[in-house]
2 protein chains.
Amino acid sequence: MADINIGGLPDGPAQSTTASKPQSHEPIWDLIELLFFAYRDFVSDPDDVLAKFGFGRAHHRVMHFVNRHPGIKVADLLDVLKITKQSLGRVLKQLVDEGYVTQKEGENDRRQRLLYVTPKGEQLAMKLAGLQTERIARALGELGPGAHEAARRFLVAMIDADGRDSVQRLIARADRARRPRT
Amino acid sequence: MADINIGGLPDGPAQSTTASKPQSHEPIWDLIELLFFAYRDFVSDPDDVLAKFGFGRAHHRVMHFVNRHPGIKVADLLDVLKITKQSLGRVLKQLVDEGYVTQKEGENDRRQRLLYVTPKGEQLAMKLAGLQTERIARALGELGPGAHEAARRFLVAMIDADGRDSVQRLIARADRARRPRT
DNA sequence: CGAAATATGTCAACATGGCTGACATAAATA
DNA sequence: TATTTATGTCAGCCATGTTGACATATTTCG
């Protein structure tokens, strides 16, 4: 343990022991700031790689979700990213033009453009996911065995109540889609 | 087993039980995606308020750190935010011009511009922190009593190893600065 | 003291990635 | 057939990041 423990205090400033009361007491400074720092570093690893490809974070997000959810509809991707179709269109066009993503007509509904990564696209997506996994694995490795589950539960609880179900379904569905063996 | 997963199953797809092995096996999809979703929603609450003031996320970050670390030097703020002085200068100027932040000459070193929030600035900063605290408190409230500590440890571990110490010192220092009573 | 380093500010130009609004096309559906 | 839906696209704007060059005070060092 030693000096891990941000403030040096074993139980936070006032919230830890009163976590059940949601009144607007003192801000939960430590988690507010830690979320900022953790996320800042979390996205920084891929950024360096992406720069070499002439891509940015927007491309990363698209690549990630297309790779992870093969055959995703444009509309669903928009919903996940919560951006406009114009913003998506810009980066998606580049990814398609440069051969990282392909589009396929929907079988039932031929208006739909289902999105898939190409082998080249998958390679990049997996590379980026690998970087982020390294960081997460290192972090989890420093903590106890329950850390993965604890982190997952915390992050899920942080998501908007209404979007939470669809996010969980999305992730669950992807697990089935990407790993048919088991 | 059902297909809602995330918060449900005690041992995930493959990572939960092998969390201690840091080899680059299968990406840790769930945490990668959950970090994205959680952070996306985490910053969305303040965004709405900021929009009414004509401010954006960049202003929020500056307001936050100046409020939380009164008298912070410009150089230190740059270091924390990891942006260029030109980017900072733009938003900082607006915040100063509109009376949310003030600058004071350093006592020892008169080249320094130490940054403070005005009462008006503090009000806004606390409002924003309150929104984020609501979300965090709600999340922690849904989880067990150890959740705050677990989240803190996970987030700290996610930070770059080299920056981690300075972040922890920063947070610890701020706790002392902002709450001299105790 | 004078030179060099430091802390900050500023101008100009550019890139990325959000946004709105308007409009076009093809396919599904009522 | 008329309408709705899924998608694409053009045009322009805004926020916020970048680099590079340069200016000004002030401190520090030789």
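For the pair L78(A) CG and dT20(C) C1', the computed distance is 15 Å after rounding to whole Å. Atom pair L77(B):CG and dG9(C):C1' shows a separation of 15 Å (rounding to whole Å applied). One atom, CG of L50(B), and another, C1' of dC14(D), lie 15 Å apart when rounded to the nearest Å. If you measure from atom NZ of K85(A) to atom P of dT5(D), you get 13 Å, rounded to the nearest angstrom. Rounded to whole Å, atom C1' of dT18(D) lies 13 Å from atom CZ of R57(A). What separates NZ of K93(A) from P of dG17(C) is a distance of 16 Å, to the nearest Å. Atom CG of L95(B) and atom P of dT16(D) are 10 Å apart (whole Å). Between the CD atom of E107(B) and the P atom of dA7(C) there is a distance of 18 Å, rounded to whole Å.
Scanning atom types as modelled, one donor and one acceptor separated by under 3.5 angstrom connect the side chain of R90(A) and the base of dG18(C). Side-chain atoms of R111(A) come within donor-acceptor range of the base of dT5(D), with a qualifying N/O pair under 3.5 Å.
Residue-level contact check: N108(A) touches the backbone only, with heavy atoms under 4.0 Å from sugar-phosphate atoms and none from bases. H59(A) comes within contact range of the sugar-phosphate backbone alone, with a heavy-atom separation under 4.0 Å but no base atom that close. In this structure, G56(A) reaches the sugar-phosphate backbone alone: every heavy-atom distance under 4.0 Å involves primed, P, OP1 or OP2 atoms, never a base.
The shortest distance between the side-chain N/O atoms of S87(A) and the OP1/OP2 oxygens of dC19(C) is below 4.0 Å. In this structure, Q112(B) does not reach the dT27(D) phosphate: none of its side-chain N or O atoms is under 4.0 Å from OP1 or OP2. Of the side-chain N and O atoms in T84(B), none sit less than 4.0 angstrom from OP1 or OP2 of dG17(D). Between R110(B) and dT26(D) there is a side-chain polar atom (N or O) within less than 4.0 angstrom of OP1 or OP2.
Nearer to the 5' terminus of DNA chain D, by closest-nucleotide assignment, is the contact made by Q94(B) (compared with the other of Q86(B) and Q94(B)). Remark on DNA chain C: of its neighbouring residues A58(A) and D109(B), the 5'-side contact belongs to D109(B), judged by nearest-heavy-atom nucleotide. Nearest-nucleotide positions on DNA chain C for E105(A) and V91(A) put V91(A) closer to the 5' end.
Residues W29(A) and H69(B) place their aromatic rings such that the two centres sit no closer than 6.0 Å. Between F42(A) and Y39(B), the gap from one ring centroid to the other reaches at least 6.0 Å.
In summary, E134(B) and R138(B) do not engage in a salt bridge, as defined by a charged side-chain N under 4.0 Å from a carboxylate O. Between R135(B) and D160(A) there is a salt bridge, since a side-chain N of the basic residue sits under 4.0 Å from a carboxylate O of the acidic one. A salt bridge links R68(B) to E33(A): one of the charged nitrogens lies within less than 4.0 Å of a carboxylate oxygen.
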